[in-house]
A.B. asks: 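Please read through the structure below; I'll follow up with questions.
Letters A, B, ... mirror the listed sequences (proteins, then strands); counts begin at 1.
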Number of protein chains: 2
Amino acid sequence: MPSSRPSLVQIAERVGVSPATVSRAFNRPELLSDATRERILATARQLGFRPSKVGSSLRSGSTRTLGLLLPTMSNPVFAACFEGAEERALKAGYSVMLATTGYDSRRERAAAHSLLDHRVEGMILTVADPARSATLAELTASGLPFVLAYNESDRHPFVSVDNLAAAGDMVEHLAASGHRRLAMISGPLDASDRASKRLDGVLDRAARLDLPAPTHVSMPRHTAADRDRLRSLLSSPRPPTALFCSNDLLAASVIAELATLGLRVPDDLSVCGFDGMAFGALMVPSLASVHQPSSEIGSQACHELLNALGGGSSRSVRLPHRLSGGGTVARLPVD
Amino acid sequence: MPSSRPSLVQIAERVGVSPATVSRAFNRPELLSDATRERILATARQLGFRPSKVGSSLRSGSTRTLGLLLPTMSNPVFAACFEGAEERALKAGYSVMLATTGYDSRRERAAAHSLLDHRVEGMILTVADPARSATLAELTASGLPFVLAYNESDRHPFVSVDNLAAAGDMVEHLAASGHRRLAMISGPLDASDRASKRLDGVLDRAARLDLPAPTHVSMPRHTAADRDRLRSLLSSPRPPTALFCSNDLLAASVIAELATLGLRVPDDLSVCGFDGMAFGALMVPSLASVHQPSSEIGSQACHELLNALGGGSSRSVRLPHRLSGGGTVARLPVD
DNA sequence: GGACAGACTGCAAACGTTTTCATGGTTGCA
DNA sequence: TGCAACCATGAAAACGTTTGCAGTCTGTCC
């Protein structure tokens, strides 16, 4: 029953060797004679001793810890990203420290500071908009290596999909299914540059395909106003036949909302999302979406970060997207 | 451009005071004269200095960090738990270190060791079965304060719902809706004591209500065998009219599976789950489930842990559950 | 005028490691 | 036998903080 955790020194005394030797037993075991090594490891095990990362971080100047700063774990997209990054980091012998921002820039800044204080050696993060992020500016100034996830930027390394093209591809698919009048539904644009890029992609591709310009509806918070906005969109003279939601969570809630209005998807109206979250495939009908490989985004971002830590540099990477699901989009008769 | 992060001492030299004074500028600012404090904070800001938690942890002997050890972030239940715990921890001035186990006991042990090495001051964790968890045994031996989340145990503090009663209540609801032939679908029981408890709850309550004993089907992995098992269950002479799945994710995938078999929920068959994940409410029809307050489980577990760290003790808490959703359960005609 | 309180700051040790350099012992080889 | 090379280990300094103790000033009160 070791009431207080023993230290290297206590093990050293107990075994009758110097602290240096105990340290080596854990870090460079090949340097020791079999006898001493065994003796040390045995007593260590017996007393429940494991070397403190606090001590070693201080002395070695490296914490072997990475920071992960993501909006929320409630969105399975970021949860998957975390898991991808965590796995990659562990393989490289790094620990991960996760903090969430709740899409709030104050929390974002505070969390970043906390990670910095913990002396993480690098950071993977998703911000609202790289061009206007105070956190990102501070981070750049601090000189800490970091990689953006999901964001796209021409000033910072990032890992994402090509949001513009991806959204366009979904428009193409909708058009091929006979849809001409589209609407884009998104959350507040200033909370996500991805949503903006996707909106641009929708508008661009619609224009290219000679579709009427899609309406854009922003559903800021989950309020009664949202429901009204949706209802008025649908009761307009020439209502859209397909709603493109800027992410899957939103798409799911729009579908639920439509159900309360007595509208069935895809019979009365088509709906699609963006993210390709695993859950969408389980919905009935399966959610049409633009799949982005979230777990790979996380692991790839981690990979790039590790490159930077290894003295190399981080490239920006756009991973391939693909359309997934599809049950919520109807094939319209040509007329 | 501070190429290498400055330390307390460098700030002290720059300002012309002792390191002790700089330290106090951050920790006990009220002890300093306004002049010195300002001078110190100014240069600190200018050089981008923030005190290192590594140094302070070492000296003070406290990291003010909590460990969180959960099966996976892909299950929104645990994601919500994390967020609840994180929020509570931050409020108390603690950081959180999250690690996932993937339901794998080897990873679980390794992750626990890692957290221990980081000198977290306490731990919140969910294990497969508290009675047989090697990790839990080690943790107990180490003397580190911890609180179980979701697990129930009579030997360790925990925060959960009353799984037995909760599952029973759902059976009661099913019976009240006219269902008599039930089946319980779960993952591998040895991966989750919750599933076992819920199965017991189902059997107990069914017996109490004079229902025929529910069948139990275990769908270990997501294989073709699962589909067969499901199919053979449904083609038995007196097939169940309702499937109780041991968690929501499973329920969703069962519903999707049924759809591929041409069966509609709830028209042809009723399905319900357990967890009350936010997502279930968005499904159409909404997923009938036993809601457990995951975010509160996280925050409450954190609360209990903080109590222990404050010199008090951690109580075990069973938070209230409630039935949620309900669209996937049909009301059967009495015959 | 002297004692005293109070406000502010400095000194130095300590926390648990890692790592460079040095040391003593052993072996190999001529 | 002598010298080099090598192996296993130790001594000590350093990493960035915190904090008890002590010191130096002020100003106050009798």
A.B. asks: Could you check whether the rings of F49(B) and F26(B) sit parallel, tilted or perpendicular, using 30° and 60° as the cut-offs?
C.D. replies: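 It falls in the perpendicular class, over 60°.
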A.B. asks: Mind checking T36(B) for me? I need base, sugar-phosphate or nothing, with any heavy atom below 4.0 Å counting as a touch.
C.D. replies: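 Sugar-phosphate: the residue T36(B), judged by heavy atoms under 4.0 Å, touches backbone atoms but no base.
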A.B. asks: Please confirm whether the shortest side-chain N or O distance from T21(B) to OP1 or OP2 of dG10(C) is below 4.0 Å.
C.D. replies: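 Yes, within the criterion.
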A.B. asks: Check DNA chain C against residues 23-33 of chain B and give the residues with a non-hydrogen atom under 4.0 Å, in numerical order.
C.D. replies: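 Per residue number, the list reads R24(B), L32(B), S33(B).
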A.B. asks: For R64(B) and dT17(D), give me the distance from atom CZ to atom C1', rounded to whole Å.
C.D. replies: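 Rounded to the whole Å, the gap is 16 Å.
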A.B. asks: For R50(A), which residues count as a salt bridge (charged side-chain N to carboxylate O under 4.0 Å, His left out) partner, sequence neighbours excluded?
C.D. replies: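 Expected list: D117(B).
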A.B. asks: Rounded to the nearest 0.5 Å, what separation is found between the CG atom of L90(A) and the OG1 atom of T100(B)?
C.D. replies: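 Those atoms lie 7.5 Å apart.
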A.B. asks: Would you kindly compare G55(B) and A20(B) by the position of their nearest DNA chain D nucleotide and give the one closer to the 5′ end?
C.D. replies: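 That would be G55(B).
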A.B. asks: Please report the closest heavy-atom contact between D193(A) and E152(A), naming both atoms and the distance.
C.D. replies: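 The answer is OD2-N, 3.8 Å.
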A.B. asks: If you look at every strand shown and take non-hydrogen atoms under 4.0 Å, does V9(B) touch a base, only sugar-phosphate, or nothing?
C.D. replies: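 Answer is base: heavy atoms of V9(B) come under 4.0 Å of a base.
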A.B. asks: Taking NZ from K53(B) and C1' from dT17(D), how many angstroms apart are they, rounded to a whole number?
C.D. replies: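 About 13 Å, once rounded to whole Å.
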A.B. asks: Working to the nearest 0.5 angstrom, can you tell me the gap between I124(A) CD1 and F146(A) CZ?
C.D. replies: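 Interatomic distance, I124(A) CD1 to F146(A) CZ, rounded to 0.5 Å: 12.0 Å.
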A.B. asks: Rounded to the Å, how far apart are I11(B) CD1 and dG16(D) C1'?
C.D. replies: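 Spelled out: CD1 on I11(B) to C1' on dG16(D) is 12 Å.
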A.B. asks: Can you check the L8(B) CG to dA14(C) C1' distance for me, whole Å?
C.D. replies: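 Going from CG in L8(B) over to C1' in dA14(C) covers 15 Å.
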A.B. asks: Any N or O donor-acceptor pair under 3.5 Å from the base of dT17(C) to the side chain of R59(A)?
C.D. replies: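 No pair found.
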A.B. asks: Under 4.0 Å: is that the gap between some side-chain N or O of S18(B) and OP1 or OP2 of dG10(C)?
C.D. replies: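 True: S18(B) side-chain N/O within range (under 4.0 Å) of dG10(C) OP1/OP2.
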A.B. asks: For R5(A) and dC15(C), what is the distance between atoms CZ and P respectively, to the nearest whole Å?
C.D. replies: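 To the nearest whole Å, that distance equals 17 Å.
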A.B. asks: Tell me the interatomic distance from E38(B), atom CD, to dC8(C), atom C1', rounded to whole angstroms.
C.D. replies: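 One finds 16 Å between C1' of dC8(C) and CD of E38(B), rounded.
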A.B. asks: First locate atom OG1 of T126(B), then atom CD of E108(B), and finally report the distance between them rounded to the nearest 0.5 Å.
C.D. replies: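 Interatomic distance, T126(B) OG1 to E108(B) CD, rounded to 0.5 Å: 9.5 Å.
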A.B. asks: For the pair made of NE2 in H118(A) and P in dT17(D), what is the distance, rounded to whole Å?
C.D. replies: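 Atom-to-atom, H118(A) to dT17(D), this comes out as 14 Å.
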A.B. asks: Does the pair E30(A)/R28(A) count as a salt bridge with the N-to-O cut at 4.0 Å?
C.D. replies: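 Looking at R28(A) together with E30(A), the answer is yes, because their closest N to O distance falls below 4.0 Å.
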A.B. asks: Please state how far atom CD in E13(B) lies from atom C1' in dG16(D), giving the value in whole angstrom units.
C.D. replies: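 So the CD-C1' distance, E13(B) to dG16(D), works out to 13 Å.
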